[in-house]
Protein chains: 2
Amino acid sequence: MGKTEARDIFFNYIKEKGLRYTKQREAILGAFLASGKHITIDDLYTAVKKTNQDIGYATVHRNLKLMTECGLADEIKIGSHKARFEQKYGHEHHDHLICMKCGRFIEVHDEKIEKLQGKLAEANDFVPMRHKLEIYGMCKKCR
Amino acid sequence: MGKTEARDIFFNYIKEKGLRYTKQREAILGAFLASGKHITIDDLYTAVKKTNQDIGYATVHRNLKLMTECGLADEIKIGSHKARFEQKYGHEHHDHLICMKCGRFIEVHDEKIEKLQGKLAEANDFVPMRHKLEIYGMCKKCR
DNA sequence: CTAATATTGATAACTATTATCAATATAACA
DNA sequence: TGTTATATTGATAATAGTTATCAATATTAG
């Protein structure tokens, strides 16, 4: 799960699509991989700015989309808030418990639920490709 | 599950909050209850316009929010598309299979999954209040 | 080195939603 | 019923988040 591998995935994808290597891409990828979970575009923009003052917001946005396309990032939207992106590479699939009071996320995973979801889709003549399970409620601290 | 009951819920809620009865509210509620599943604000606005030419978009929007507040409607957001609202009253809870090609929704329900979700939350010291499960993939027609 | 073109950064445009506000409608009460 | 306080409406402005535009620049293949 090294950053090198993630880097390879990204730049291989870039190459395959006939796109080009740029300093900005390197910087944005680096900042994203160094970031925590669930980063927003704004956060990433701010982070990249530290090492690359002249970068534009649109560039960060575009490249975050590219990372999503090639499978390194996943876009998640919670409620009406702005989009957040989380690292997919080197991270297992998981669902979210979302506290309605403090907004905190808890990552969870249940293999039984995963399997049942597959069956449920099958039973409806549906080929599942990905899914999103969000459970809203109150976390320990907030009650 | 008559419309009368839904009407009562709405106007009782209105009254309790010290709000007022208006023709517009009546019309918007009626149009919503008469609508199909997963209506957008635009759709509802168009529908209400037919019987009530002078109604404003903002009024439809505000009242749809009110209906959501009192539990008659549920807001669902799919991807980056605009919000859709579905009738909750008289409709059982369900999850969605969403076709990534045609955008069609299939409503599904699995009691086992529901229960496992409850356990999963519990195991994380989390009090679940509602949840959203969306499975993305390809429907029968689209493959 | 050159030419073709992908990328960038600034910003305009766009979409969906929400806020503003004067005019009007409603409901409580005299 | 008439009066009054104020909730509601409709038109539109404002906002937030995202995406498109475009001239200048950087990258890559040859």
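Order of the sequence lines fixes the chain letters, A, B, ..., with proteins taken first and strands second; residue numbering starts at 1 for each chain.
Checking C:dA6, C:dT8, D:dT9 against the side-chain heavy atoms of A:Arg62 singles out C:dT8 as nearest. Distance from the side chain of A:Leu19 is smallest for C:dA6 among the nucleotides D:dT9, C:dA6, D:dT27. Of the candidate nucleotides D:dT18, D:dT21, C:dA6, D:dT18 has the atom nearest to the side chain of A:Tyr57. Distance from the side chain of B:Arg20 is smallest to D:dA5 among C:dT17, D:dA5, C:dT7. If you check C:dT8, C:dT26, D:dA20 against the side chain of B:Thr22, the one that comes closest is C:dT26.
At least one donor-acceptor pair closer than 3.5 Å links the side chain of B:Gln87 to the backbone N or O of B:Ser35. Between the side chain of B:His94 and the backbone N or O of B:Glu92 there is at least one donor-acceptor pair closer than 3.5 Å. Looking at A:Asn124, its side chain never comes within 3.5 Å of a backbone N or O of A:Phe126 through a donor-acceptor pair. Using a distance-only test at 3.5 Å, with no hydrogens or angles considered, no donor-acceptor pair links the side chain of B:Arg7 to the main chain of B:Gly30.
Between the side chains of A:Glu111 and A:His109, at least one donor N or O sits under 3.5 Å from an acceptor N or O.
B:Lys23 has a side-chain polar atom (N or O) that falls below the 4.0 Å cut-off from OP1 or OP2 of C:dT26. OP1 and OP2 of C:dT17 both lie 4.0 Å or more from every side-chain N or O belonging to B:Lys65.
Residue B:Ile41 is the one, among B:Ile41 and B:Lys15, whose nearest nucleotide of DNA chain C lies closer to the 5' end (criterion: closest heavy atom). Comparing B:Gln24 and B:Asp42, the nucleotide of DNA chain C nearest to each residue sits closer to the 5' end for B:Asp42.
Between B:Glu75 and B:Arg84 there is no salt bridge, since none of the side-chain N atoms of the basic residue sits less than 4.0 Å from a carboxylate O of the acidic one.
Computed from coordinates, the A:Leu64 CG to D:dG17 P distance equals 15 Å when rounded to whole Å. When the P atom of C:dA6 is taken as reference, atom CG of A:Leu66 falls 13 Å away, rounded to whole Å.
Bending across the helix from C:dC1-D:dG30 to C:dA30-D:dT1, expressed as the angle between its end axes from five pairs apiece, amounts to 30° (10° rounding).
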For this session: Report the C-alpha distance between A:His38 and A:Ile76 in whole Å, list the side-chain angles of each, state the deciding distance to 0.1 Å, and finish with yes or no for side chain to side chain contact (heavy atoms under 4.5 Å, CB included).
Result: CA-CA 8 Å; A:His38 313 132; A:Ile76 53 180; 3.5 Å; yes
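Counting non-hydrogen atoms under 4.0 angstrom, B:Lys17 reaches nothing in the nucleic acid. Using a 4.0 Å heavy-atom criterion, one finds that B:Thr59 contacts the bases of the nucleic acid, with or without backbone contacts as well. Residue B:Asn63 is classed as a sugar-phosphate contact, given heavy-atom separations below 4.0 Å to backbone atoms only.
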